[in-house]
Every structure is written in structure tokens, then in C-alpha cells.
6 protein chains.
Amino acid sequence: MAVNVDDFFKQAYLDKPRDTTKNKVGSTITLINAMELPGLNTLGISLARIDYAPFGENPPHTHPRATEILTVLEGTLYVGFVTSNPNKLFAKVLNKGDVFVFPQGLIHFQFNPIHDKPAVANAALSSQNPGVITIANAVFGSKPPISDDVLAKAFQVEKGTIDWLQAQFWENNHN
Amino acid sequence: MAVNVDDFFKQAYLDKPRDTTKNKVGSTITLINAMELPGLNTLGISLARIDYAPFGENPPHTHPRATEILTVLEGTLYVGFVTSNPNKLFAKVLNKGDVFVFPQGLIHFQFNPIHDKPAVANAALSSQNPGVITIANAVFGSKPPISDDVLAKAFQVEKGTIDWLQAQFWENNHN
Amino acid sequence: MAVNVDDFFKQAYLDKPRDTTKNKVGSTITLINAMELPGLNTLGISLARIDYAPFGENPPHTHPRATEILTVLEGTLYVGFVTSNPNKLFAKVLNKGDVFVFPQGLIHFQFNPIHDKPAVANAALSSQNPGVITIANAVFGSKPPISDDVLAKAFQVEKGTIDWLQAQFWENNHN
Amino acid sequence: MAVNVDDFFKQAYLDKPRDTTKNKVGSTITLINAMELPGLNTLGISLARIDYAPFGENPPHTHPRATEILTVLEGTLYVGFVTSNPNKLFAKVLNKGDVFVFPQGLIHFQFNPIHDKPAVANAALSSQNPGVITIANAVFGSKPPISDDVLAKAFQVEKGTIDWLQAQFWENNHN
Amino acid sequence: MAVNVDDFFKQAYLDKPRDTTKNKVGSTITLINAMELPGLNTLGISLARIDYAPFGENPPHTHPRATEILTVLEGTLYVGFVTSNPNKLFAKVLNKGDVFVFPQGLIHFQFNPIHDKPAVANAALSSQNPGVITIANAVFGSKPPISDDVLAKAFQVEKGTIDWLQAQFWENNHN
Amino acid sequence: MAVNVDDFFKQAYLDKPRDTTKNKVGSTITLINAMELPGLNTLGISLARIDYAPFGENPPHTHPRATEILTVLEGTLYVGFVTSNPNKLFAKVLNKGDVFVFPQGLIHFQFNPIHDKPAVANAALSSQNPGVITIANAVFGSKPPISDDVLAKAFQVEKGTIDWLQAQFWENNHN
């Protein structure tokens with residue numbers, strides 16, 4: 001199959017605000033990976049626009065195959081990642097134009113701390129297929145669920161609390 | 001500095017049971033990575049022995065830089081990993097001699113479901129420095145703590161619950 | 001030397017327009033690579049803001065170690081890359097919000113075709129040290145110069161034309 | 001084809017002793033690579049159980065694509081590898097629980113020096129398809145044979161000796 | 001499909017002089033990459049013979065995926081490469097038996113400065129599919145052409161000069 | 001330390017015949033790796049000239065970190081490699097100008113079958129530090145020696161034969 005210019009082109013990707021009211025965390029990820037843009041195949045890079053509602057967040061997650069470099073396009077974000085051992089938090093409040101790096105495989109998050117203004121960020125990732133694991137969803141929302149014995153001991157809570165958490169609706173924030 | 005044979009040798013590593021009573025999760029990891037065994041440097045492999053108390057577990061965690069292949073040496077283990085999107089659980093009960101693979105970067109766990117027998121496993125990892133991120137510890141036990149606004153929304157609980165969790169003692173299970 | 005949060009953070013990088021009048025091509029590249037942001041070391045990604053004057057351009061160049069994914073933040077850009085064999089041009093006019101991919105090692109360019117409006121783009125590159133070779137500058141502006149015998153035959157012009165070209169001032173457009 | 005949990009699981013692999021009387025070297029390799037366990041594909045790791053008869057050995061061999069880390073599960077092993085230039089032998093006698101590293105591509109061996117007890121080892125390899133080249137078999141047992149002119153000069157023996165060696169039965173010790 | 005010995009063998013590749021009169025630059029490249037020699041697939045190496053007419057040249061070009069190491073088999077060559085930033089020329093006159101390295105992605109050339117003797121070189125490249133971008137051809141000979149606005153500004157010449165250059169015949173020197 | 005042009009240049013490397021009478025196998029390897037030519041560092045390629053006396057050979061060996069592509073410059077060579085499992089020989093008689101590939105990590109050899117003419121080859125290797133393990137030398141000539149129990153069983157000969165072999169002088173054929 002011949003390659004053509006549209007394999008390298010994505011129209012109107014970054015300029016349109018996305019709806020951030022469709023999930024409880026108040027954010028929407030729009031990812032351009034090699035499935036979306038075939039020209040990225042084998043080339044080791046992808047892109048994401050992230051829209052945050054006021055008080056919205058991109059909850060703690062990891063990318064198993066990529067480092068992320070994030071730029072704030074609009075608004076304010078409290079961002080951070082946790083190192084592996086010891087579990088030290090590297091966090092910062094970012095404003096428009098600021099840049100932050102989240103190293104490969106580490107748990108990280110972004111949160112819009114402003115109650116009346118949305119925020120927007122652009123993220124570049126060092127893989128054409130970075131993957132994403134939203135921590136709370138993977139742990140409490142897997143199908144089938146992880147045994148509550150395992151999670152009760154890991155999170156130091158009663159099994160009833162785990163059962164209640166697993167009964168919640170764990171939706172992702174991907175567009 | 002000249003290399004010698006002891007850079008490639010670790011005595012009495014696997015045969016000694018470890019104490020599994022020193023932490024609340026009831027397991028002890030003894031890792032041989034390139035810091036422990038200098039001959040592993042740049043060679044892309046490391047090893048761990050894992051001891052599980054009765055009802056002990058190696059709680060949900062990820063290795064940012066390695067796939068793991070685990071073999072049960074003694075006892076029984078309920079093990080699993082969660083795929084990234086959708087969050088599907090691949091789980092199995094393993095007995096002595098069984099082998100299981102945990103792909104790089106995915107959240108996984110092992111749990112000893114037998115109330116009166118310990119278990120032992122041997123794990124090989126595809127990096128000389130695989131890293132480990134214990135999910136609950138990184139999320140609720142980081143220093144300094146992640147803002148409870150972020151975690152309350154991510155885990156769908158009250159901020160008071162997050163504060164209570166963050167006040168617990170989050171110790172790791174590494175030897 | 002201990003790592004700290006500022007190794008992963010760059011303040012006010014993207015929001016400030018740069019001066020595009022300092023060189024003849026009418027563009028200014030502001031690159032964040034691992035020299036600028038130490039936290040990027042070994043992580044395989046970097047970022048650049050590009051400002052274009054009206055009729056300004058980022059002239060034909062290659063990145064020896066990176067693929068680039070470019071997003072238009074403001075204005076209009078005529079962009080393209082040339083494949084290696086045959087020399088086919090893949091070109092497109094991009095508007096605000098559009099995205100385009102330039103595969104590793106291929107000659108590519110961006111040009112602002114609007115005579116009265118500047119343009120701005122954000123580029124992510126799949127290396128912490130992508131390198132850049134501006135074609136005209138490397139060919140005609142090297143120190144010492146390449147023999148005019150070589151260049152006259154390669155470009156199918158008189159040696160006098162090469163000599164004239166080599167006498168020009170070949171400045172780069174990096175901030 | 002959908003992936004399922006059995007792609008990551010191998011039952012009763014490690015706990016069963018293998019027959020070590022089927023070949024002249026007195027050892028049996030049972031390998032789990034990506035052909036045996038499809039979930040290992042692209043993940044850079046594999047596993048082998050090695051059974052040694054009394055005085056049995058895993059003869060000098062190389063893995064073209066993997067480093068090996070070996071753990072003694074039962075018995076005693078004299079093990080070693082030879083560096084490339086100069087040809088220095090790094091050797092050690094290992095007992096139950098000891099660990100040894102064989103760097104990628106180097107010639108190495110394990111030998112059970114005890115005349116009345118078998119030995120067992122577990123080996124992890126840093127490739128899902130490590131490959132194995134048993135030196136004597138590849139040199140003297142290839143089909144068709146290597147010219148005896150070549151081998152006589154290389155091994156500093158008469159061509160008649162090479163011819164005799166090539167007439168032997170060179171079987172491998174893989175299960 | 002079974003592999004056989006002819007996948008690893010190319011007969012009479014290096015010993016035959018090639019015709020160097022078929023193009024204006026006076027050189028002919030005969031490349032053996034993985035398309036020519038299937039046994040090279042995934043193995044990270046390829047080979048080229050280069051014939052130079054008197055005053056012939058292999059004009060400035062890059063290999064997007066390979067470093068090149070060149071050996072002069074007959075004659076004399078003036079060779080060089082330009083570093084990326086600053087644009088420093090590393091050049092040398094080579095005679096029979098001399099070797100020179102052109103690092104990956106950098107613009108480089110070879111020129112036979114002797115008016116009455118041909119030259120021959122053998123080049124090894126660190127990829128089974130190195131690619132080649134002949135600078136003048138890619139810039140001025142692409143189909144369709146790059147806008148003359150872009151090239152006039154990049155090369156500091158009149159648009160009429162660009163148009164004239166684009167009207168020339170840009171043939172490659174590959175066999 | 002500043003890099004200069006001589007880091008990329010090796011004078012009179014290929015054109016001078018080497019003495020092939022200094023060792024019993026009748027061949028001399030002259031290698032240019034990154035230790036000889038610093039500009040090769042990290043670039044993934046190296047070069048070797050091989051001189052063969054009449055009836056001389058480059059005895060069976062492996063390169064742990066490189067594929068080799070060999071070109072015959074003068075004379076005739078019988079060459080081959082053995083695959084890993086099964087041990088199939090891929091062999092060919094090469095004449096001047098012929099090319100042959102030896103895949104990474106496999107045992108291979110070259111032999112000059114002509115009793116009254118020397119041969120010369122040029123080899124390119126896909127690593128700046130390919131390494132070489134001459135099989136007979138590593139097995140029988142290591143310091144200290146491998147136990148004769150191990151080698152007698154591996155090679156299906158008497159221990160006395162092994163002892164005799166280990167008492168020979170195992171010199172390498174590197175310049």
C-alpha cells in the first residue's frame with residue numbers, strides 16, 4: 001500500500017477545545033499515536049492534547065513505554081511524579097508556557113487547581129504507542145476484579161471498602 | 001579496576017528463607033541487580049527471590065524497565081496483571097513448578113492464598129536495574145504527599161479517607 | 001549530585017514570542033534538549049518552539065537523530081519533507097491546530113506564506129539531543145569551506161557561483 | 001487472534017526432574033522461550049531448567065543473543081566462562097542457592113563434579129529467543145561437515161583425528 | 001520459506017569496474033543492502049562499491065540510518081563531512097589503502113581530484129537499509145518541486161536562479 | 001578533549017600485505033575498531049583486513065557483538081558458518097570480488113584452499129567493538145585451563161587427548 005501525505009498529517013487536532021464533562025475526573029485526553037496517524041509507525045514519538053475542567057485532573061497514571069514532556073497552553077496545573085525507591089514526590093505548579101518532564105514508567109498526574117478556569121496542555125511522548133495505565137482504574141476497575149484480599153492488604157483498608165470501590169464506575173478520560 | 005570472578009558470583013542467595021514478618025504485607029523481596037552483582041552491568045537481566053508468609057502478598061506494583069518471569073518454588077500463589085486499555089485482569093493460581101509472565105510496565109501482584117503455608121518464588125527480570133513502583137506506597141506514601149484533592153477525585157473517595165490513608169505507615173517489602 | 005525538581009522544569013518556555021528579525025530567514029528556534037533541561041537525559045525526547053516572521057521560514061534541514069512532530073499554534077505554514085529515493089516531496093499547508101510528522105533524517109522545511117501575519121509552531125523530537133543540520137549553511141557555510149570543485153559539480157553551477165555563495169554570511173536561526 | 005492468560009502461563013515446568021540418561025553428556029535442558037510461551041514475544045527474557053546426572057555436564061556452548069544468570073537448585077556445579085581476548089577462564093564451584101552470570105556470547109559450561117548425586121539449576125536468559133550453539137556439536141557435528149583441512153589446522157591435530165571425531169554421534173541435550 | 005546459502009552470498013560484486021559516464025557527477029554507487037542480499041535482514045550492516053571517474057565525485061549526501069566507513073581501493077579521494085553545529089568541515093585527502101569514517105546523518109562527500117585516473121572505494125554502512133539523500137537532488141530535484149520562495153530565501157539567491165536549478169536534470173548515481 | 005579529523009582517519013590500512021608466517025594457522029587479522037580509530041565510538045561499525053597464506057585459514061570463531069560481511073580482494077576462500085539448532089553448515093567457495101555474510105554470534109571460518117597463492121579479504125563488522133572468540137583457543141588454550149573432565153566428555157575423547165591439546169601453544173592470529 002503506497003504511503004501518502006495524509007499519513008503524516010492530522011487536521012485541526014490541537015485547536016479545538018474538548019468536552020471535559022463526560023467523566024468524573026474532569027479531563028479529556030486526545031491522543032495521536034500510530035493508530036491515529038500511520039506515518040508515526042516505528043518513529044518513536046506521539047502527541048496528546050489534554051483539556052482540564054476547573055478542578056479537573058488527569059489522575060495518577062503511568063506510560064509503560066514512554067517519557068512525557070508537557071507544555072501548558074492555557075491556565076494553571078499542579079503536576080508531579082513519584083520516584084520509585086524511595087517514593088519521593090517531584091511536584092510543581094505550572095503556568096501558561098511552562099514545561100515539565102515525566103520520566104518513563106513513573107506514576108504522574110496533572111490537576112487544575114483553579115475553580116473557575118479551564119486549562120489545556122500539549123504532551124509529547126517518546127513512543128508511537130506509549131500506552132497508559134490509570135492507576136485507580138487498573139487497580140479497582142479491572143474486569144474481572146482483583147481479589148479484595150489482595151487489595152485490602154495492599155491499601156491497608158477493610159475488604160468492605162475495597163468492595164465498595166470496585167462497585168464504582170471506573171471510566172477512562174480518553175477521547 | 002580489574003574484573004574478577006566474584007563480580008559474577010553471589011553465594012547462598014536463593015537457598016535461605018527470609019523473614020516475612022517485618023512488614024504488614026507479609027512478603028520479602030531479595031533482589032540481585034547490578035548494584036548487588038557488578039557483573040550484571042549492561043547485560044539486561046536480574047533476579048529476585050520472593051518469600052511469602054501465609055496470606056502474605058507482593059502487593060500491586062510495576063517495573064518501569066523490565067518484564068518479569070516468575071517460577072513458584074514452594075507453595076501456592078494467586079497471581080495476575082492488568083492490561084492497560086481496557087483494564088482486563090489476567091490471573092491464575094500457580095502451584096510449585098508453575099511459571100508466569102508479567103509484561104513490562106503493567107501492574108501485577110502475587111498473593112499466597114493458603115492460611116497455614118508459606119510460599120517462595122524465583123523471579124527473573126529483563127533489566128540489570130528493573131526498578132519497582134509499589135502502587136499503594138507511591139500513591140499514598142510519597143514524601144511529600146500528593147495533594148488530597150488529586151487523590152480524592154482519582155480514587156472516588158472523600159478527602160478525609162485520603163488523609164487517613166496518607167497518615168498510615170507505608171513501608172516497602174524489600175530486603 | 002542529587003536530582004531535584006528543577007531538572008524537570010522549564011519556566012515560561014512556550015508563551016513568549018521570540019524576535020524573528022535577527023537573521024535573514026525570518027525564524028527563530030528555541031530548543032529544549034538535555035543540555036537545557038537535564039531531566040531529559042537518556043529519555044529520548046525534546047521540544048522546540050519555532051517563531052516565524054511573515055514570509056519567514058525554517059529552511060531545509062535534517063535532524064540526524066530524531067523524528068519531529070509539529071503542531072501549528074498560530075498562523076499558517078507550508079511544510080514538507082523529501083523522501084530519499086526517489087526524491088518525492090510530501091508537502092501540505094497547515095493551519096492553526098494542524099499536526100505534521102517529519103520522519104528521522106529526511107530534509108524538511110516550514111515556510112510562513114502569509115505576508116502580514118507571523119506564525120508559531122511547537123515541535124516535539126524523538127531524541128534528547130536531536131541535532132540539526134541546516135542544509136544551505138552546512139553546504140555553503142562550513143569552516144573551512146568545501147572545495148568549490150565539489151560543490152560546482154554537485155549543484156550544476158559555475159565555480160564562480162559557488163564562490164559567491166560561500167562568501168555570504170550563513171547564520172543559524174537558533175535562539 | 002486474541003491473547004489469553006494461557007499465553008503467559010506454563011504449568012508444572014520447574015518441579016519435575018527430567019531424564020538425564022538420554023545423551024552422552026548427562027544433562028537435559030528444558031527451555032521456555034517465546035515458541036513455548038507466546039506471551040514472551042518481544043519481551044526480552046526466557047527461562048531454562050537444567051538437570052545434571054552425576055558427573056553430567058552442560059558442555060561448552062554460547063548463546064548468541066543472551067546473557068544467562070544461573071541459580072543452583074540442588075547439588076554442586078563447577079561452572080565457568082572464557083573471556084574473548086585474552087582467553088581467561090572465570091570459574092567457580094557453586095552449591096545450592098548460589099548464583100552465577102555468563103555474559104552474552106561467551107563460551108561457558110556447567111559440570112556436576114559429584115559422582116553420586118544429581119544437580120539441578122534454573123537459568124534465566126536476557127532474550128525471548130536466546131539461541132544456543134554447543135561448541136563441539138557445531139564444529140564436529142554439522143551437516144554437511146566442515147572440511148577436515150580447516151579443523152585439523154584449527155585444532156592442531158591430524159586430519160584422521162578430525163575424521164574420527166566427525167564420525168561420532170553429536171546429539172544435543174535439549175528436551 | 002527456507003533460507004539457503006545464496007541468501008548470504010553475492011557473486012562478483014566488488015571486482016568489476018562500473019561505468020561512470022552515465023551521469024554528470026562521474027560516479028557510480030553499487031549498493032548491497034538487504035533488498036539485494038536477503039541474509040542481511042535485521043543484521044545491521046551493508047556494503048557499497050563506489051567508482052569515480054577522473055574528476056568524478058559522490059556529491060554531498062547523508063545516510064539517515066547509518067554511519068559509513070570508507071576504504072580507498074584505487075586512486076586518490078578528497079573526502080569530508082560537516083558537523084552539525086557549528087558547521088565545521090572535517091576533510092582529508094585519501095590514498096590507496098586509507099580509511100575514513102562518516103558519522104551517521106552528517107553531510108559528506110568524496111571527490112577524485114586527479115584529472116587522468118579513476119578511483120574506487122569500498123564503503124561499509126551500519127544498517128541493512130542505510131538510505132541515501134543526495135542533497136542537491138533532494139533540494140532542487142524533488143517531484144513535485146519545493147516552492148522557490150522557500151529555496152530562494154534558504155540559499156540566498158534570486159527565485160529565478162532557483163527556477164533555473166529546478167529545471168535541470170537531477171539524476172542519481174546509483175547503479 | 002576536542003575531536004579532530006585524525007580521529008576519523010587511518011592511513012595506509014588496507015593496502016599493505018601483512019606477514020602470515022607468524023602463527024600456525026597462516027592468517028593475520030588487522031582490525032580497526034574504536035580503540036584503533038576513536039571516531040568509531042558509539043557508531044556501530046568496524047573493519048578488518050585479513051591476509052591468508054597459501055593453505056592458511058582464519059579458524060572457526062564467533063563475534064559476540066557483530067554480524068560480518070566479507071569481500072574477497074585477492075585469491076580464493078572456502079568459507080562457512082554453522083546455524084545454531086540444527087547445526088547446519090552454510091558454506092561456499094568465494095573468488096575475487098565475491099561477498100559473504102556471517103550472522104551475529106554464529107561460528108564461522110575462512111580457508112584458503114590454494115596451495116600456492118595467498119588470499120586477502122576485507123571484512124566489515126556491525127559493532128565498533130565486535131569481539132572475537134577463536135573456538136579452539138578459548139576451549140583448549142584458556143588460562144587457567146578448563147577441567148579436562150569437562151572437555152573430554154564434551155568432545156568425546158580421552159582425557160589424555162585433552163591434556164595433550166591443552167599443552168599445545170594456542171596463539172591468536174591478530175596483528
Could you have a look at [options] and say which one has the most heavy-atom pairs with chain B under 4.5 angstrom?
options                       : answer
A:F111, A:W164, A:W170        : A:W170
A:P145, A:G131, A:G80, A:A154 : A:A154
A:P64, A:P59, A:A138, A:G105  : A:A138
A:Q156, A:K88, A:R65, A:Q110  : A:Q156
A:T161, A:T62, A:D149, A:V157 : A:D149

Among B:P86, B:P60, B:G141, B:S147, residue most engaged with chain A (heavy-atom pairs, under 4.5 Å):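 Heavy-atom pair counts peak at B:S147.
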Heavy-atom pair count under 4.5 Å with chain A, highest-scoring of B:Q104, B:H61, B:K24, B:H174: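 Between B:Q104, B:H61, B:K24, B:H174, the count favours B:K24.
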Other residues, nucleotides, ligands: >12 heavy atoms within 6.0 Å of B:E158 CD: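 No, CD of B:E158 has 12 or fewer neighbouring heavy atoms, counting only those of other groups under 6.0 Å.
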A:K117 atom NZ: more than 12 heavy-atom contacts under 6.0 Å: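 No, not enclosed.
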Inter-residue atom distance A:F155.CZ - B:N137.CG, 0.5 Å rounding: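 It comes to 9.0 Å.
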[X], part contacting chain B, at a heavy-atom distance under 4.5 Å:
X      : result
A:F140 : side chain
A:T83  : neither
A:A91  : neither

Relative to chain A, which segment of [X] carries a heavy atom at a distance below 4.5 Å: side chain, backbone, both, or neither?
X      : value
B:L165 : side chain
B:F90  : neither
B:P103 : neither
B:F169 : backbone
B:N172 : side chain

Closest contact, heavy atoms only, A:S142 versus B:L89: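 Taking A:S142 first and B:L89 second, the nearest heavy atoms are OG-CB, 3.9 Å.
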The single option from B:V82, B:N85, B:I107 passing side-chain contact (heavy atoms from CB on, under 4.5 Å) against A:I133: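 Output: one option passes, namely B:I107.
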A:V150 backbone acceptor or donor facing B:Y78 side chain under 3.5 Å: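 Not confirmed, B:Y78 side chain does not pair with A:V150 backbone.
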